[in-house]
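Reviewing the structure listed below.
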Amino acid sequence: MPALVIIGAQWGDEGKGKVTDFLAREADFVVRFQGGDNAGHTVVTGGNEYKLFLLPSGVFWPDVTSVLGNGMVIDPAVLLDEMDRLRAAGHSTERIRVSHAAHVVLPYHRAVEEAEEDRLGEGKIGTTRRGIGPAYLDKYARIGIRIGDLLEPDVLSAKIKANVAFKNVLLEKVYGREGFSAGQLIDEYLGYGDRLRPYVTDTSLLLDGALNDGKNVLFEGAQGTMLEIDYGTYPYVTSSYTTAGGACVGSGVGPTRIGSVIGVIKAFTSRVGNGPFPTELHDETGQYIRRKGKEYGTRTGRPRRMGWLDTVSLRTAARINGFSWAALTKLDTLAGLPKVRICTAYRFSSHVVSAAPTATTDLAQCEAVYEEFDGWDEAALKRARTYDALPASVRAYVEAVEEATGVEMRLIGTGQDRTEVVVKGEIGFGRG
Ligand code: GDP
Ligand code: IMO
Ligand code: MG
């Protein structure tokens, strides 16, 4: 079946952008289906580093159609800016399609989020402050503005007026902040609508036609499984379905059309924002990994929290997403450490458990139980072009992750560039 879904298995920033770009060479369509510009996906090719916030990471392949699905929340100013930058870098934007049913992020969403995070103080979620949560809140409250509304002046005008009336009460009376002018927002957003008009369509119909024609469709998840609204470390999560099921509801494609689900797993763990993190490192080793892996938020520039690989949470991710296989990224970042560790279980209220407790407050009490492995040399890792040529200690690490998760690691990341990948096993779309 020519549809693959790519999902982050941890707390985001696993390297989904690189893996999507790599697999997109054989794709006809690459689809984002949830989240918004809270995501930051990096693609490195020929010394150029591109950071994508809303556009899918297949956009650098000229024959790929890039789809922004209905499950997304889209800040049109960010999208148009990204399209401008893409054109400036010599790439076409003609093959971009945006769902009429995706929701629009407006400045009052960001303002409300800013005010609420500040009010929470120490107890804040540590969001990206891009207005994502408040935009989804409006969607589910059924007062949201959709991309299609930007093309209808009367509809947009009525909706913005109604929303601004309420948001201004909230901002001014509850939070003591400045409100917005409905008139200005209407003008600004009608302008975005005009510029986006050629790209807006029913993307569910588009993808259905593509799948009927046997085209290869790649779905690119944003954020990660542990940031999912239901199965993540609630409430320290994002506001969307980041897991494999989200690909269907967020794009209007039925589950029977999906062939494989691919997990993207970073060889260690990172987290931006607050919330429990059982394998977190507060020492020199954590700093070494952050420095070597350039582990700073792609979106916000915040230093990422660092930790060892956690196979307890990866087993949850494998279960919820039903991974067919996985990509293990950034093995080169761990190079140079004499010993590396994998968390295989948690110690929780004096028991050793192999599955995470369901309550987030209990997860915060868990201590990681580790297995230790020999480290590896970076030059030897980078030289390898095949799995068998990788240093024995790398293979032992990879196989331990496979054993602990029950998932085969068929792509091994050995560097930032799109070419720095070792392939182990079948990774194609399964077509001819
Ligand atoms: P995403 O949000 O999952 O797409 O990941 P980000 O792009 O936010 O962060 C991952 C970072 O790791 C980016 O800077 C990537 O270029 C980089 N990266 C991905 N895979 C590898 C790898 O195998 N080795 C190295 N050194 N960097 C990688
Ligand atoms: P990509 O796609 C890492 C985190 C935020 C915060 C929580 C909620 O690049 O992997 P939000 O702004 O979504 O309401 O914030 O989720 N977060 C991410 N962390 N990578 C991301 O995206 C993230 N998107 C959101 O830091 O903890
Ligand atoms: Mg990222």
Side-chain angles (χ1 to χ4, degrees), residues 6-22 32 34-45 48-54 56-57 72-73 75 105 109-110 112-114 116-117 124-137 220-229 232-240 242 263-277 289-305 327-335 378 381-382 411-422:
I6 295 174
I7 296 291
Q10 294 153 310
W11 279 276
D13 306 324
E14 298 90 348
K16 298 175 292 294
K18 180 186 164 188
V19 172
T20 302
D21 167 68
F22 185 80
R32 277 274 310 264
Q34 45 72 230
D37 70 289
N38 48 347
H41 296 178
T42 316
V43 175
V44 178
T45 154
N48 295 316
E49 180 168 313
Y50 299 96
K51 293 179 191 300
L52 299 163
F53 304 117
L54 288 166
S57 306
M72 292 186 74
V73 290
D75 182 330
V105 179
H109 293 129
R110 283 194 299 277
V112 169
E113 179 170 344
E114 191 90 35
E116 181 58 13
E117 283 281 276
K124 71 184 175 194
I125 291 165
T127 69
T128 59
R129 301 193 176 210
R130 305 301 311 168
I132 307 302
Y136 278 115
L137 192 60
E220 179 185 20
Q223 290 79 51
T225 302
M226 293 301 140
L227 288 171
E228 204 232 86
I229 185 78
T233 47
Y234 193 87
Y236 300 102
V237 293
T238 192
S239 304
S240 66
T242 59
V264 184
I265 300 171
K266 187 148 65 179
F268 46 94
T269 312
S270 70
R271 176 161 205 173
V272 214
N274 292 335
F277 184 175
I289 300 172
R290 181 182 305 117
R291 212 172 31 244
K292 192 157 191 307
K294 297 190 276 179
E295 289 284 347
Y296 294 86
T298 307
R299 194 43 169 140
T300 59
R302 291 178 288 179
R304 294 177 183 151
R305 297 160 65 192
L328 189 61
T329 65
K330 302 193 90 159
L331 268 301
D332 56 305
T333 299
L334 292 182
E378 183 159 7
L381 173 81
K382 288 207 179 252
L411 281 180
I412 312 289
T414 60
Q416 231 190 339
D417 192 85
R418 58 155 58 144
T419 58
E420 292 181 292
V421 174
V422 168

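The model shown is predicted, which means the values in this text are computed figures rather than measured ones. All residue numbers in this chain count up from 1 along the given sequence. Indexing begins at 1, ligand by ligand and atom by atom, following the structure's order.
- In this structure, of G17, G126, G8, the residue bringing a heavy atom nearest to atom 6 (C) of ligand 2 is G126.
- Backbone and side-chain nitrogen or oxygen atoms of L331 are examined, and none is located within less than 3.5 angstrom of a nitrogen or oxygen of ligand 1.
- Which parts of ligand 2 touch G273 is read off a 4.0 Å heavy-atom cut-off, strictly below it: atoms 27 (O).
- Taking 2.8 Å as the threshold, A222 does not count as a candidate ligand of the Mg ion (ligand 3), since none of its N, O or S atoms lies below it.
- Taking each heavy atom of K382 and E420 in turn, the nearest pair found is NZ-OE2, 3.0 Å.
- The shortest separation from a heavy atom of G8 to ligand 1 is not under 4.0 Å, leaving the residue out of contact.
- To the nearest 10 degrees, the Mg ion (ligand 3) sees O of G40 and OD1 of D13 at an angle of 170°.
- For the pair G12 and ligand 1, the shortest N or O to N or O distance does not fall below 3.5 Å.
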Show your working on side chain to side chain donor-acceptor pair (under 3.5 Å) between R271 and T233 and close with a plain yes or no.
CA-CA 11 Å; R271 176 161 205 173; T233 47; 3.1 Å; yes

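- Contact annotation for W11 and ligand 2: only backbone heavy atoms (N, CA, C, O) come within less than 4.0 Å of the ligand.
- With T238, V237, I125 as candidates, the residue nearest to atom 11 (P) of ligand 2 on a non-hydrogen basis is T238.
- Contacts of T298 with ligand 2, taken as heavy-atom pairs under 4.0 Å, are absent altogether.
- Backbone and side-chain nitrogen or oxygen atoms of V44 are examined, and none is located within less than 3.5 angstrom of a nitrogen or oxygen of ligand 1.
- Residue L227 touches ligand 2 through its side chain alone, judged by heavy-atom distances below 4.0 Å.
- A heavy-atom separation below 4.0 Å is found between G40 and ligand 2.
- Backbone and side-chain nitrogen or oxygen atoms of D332 are examined, and one is located within less than 3.5 angstrom of a nitrogen or oxygen of ligand 1.
- Residue contact check: T414 has heavy atoms under 4.0 Å from atoms 23 (O) of ligand 1.
- Residue contact check for ligand 2: R130 places no non-hydrogen atom closer than 4.0 Å to it.
- Residue contacts with ligand 2 for K16 involve side-chain atoms from C-beta outward but no N, CA, C or O (heavy atoms, distance under 4.0 Å).
- For ligand 1, the polar-atom distance check against T329 finds no nitrogen or oxygen pair separated by under 3.5 Å.
- Ligand 1 is approached by K18 to a heavy-atom distance shorter than 4.0 Å.
- Counting the atoms of ligand 1 from 1 in the order shown, those under 4.0 Å from a heavy atom of R304 are 8 (O), 9 (O).
- Under 4.0 angstrom from ligand 2, there are no non-hydrogen atoms of R299.
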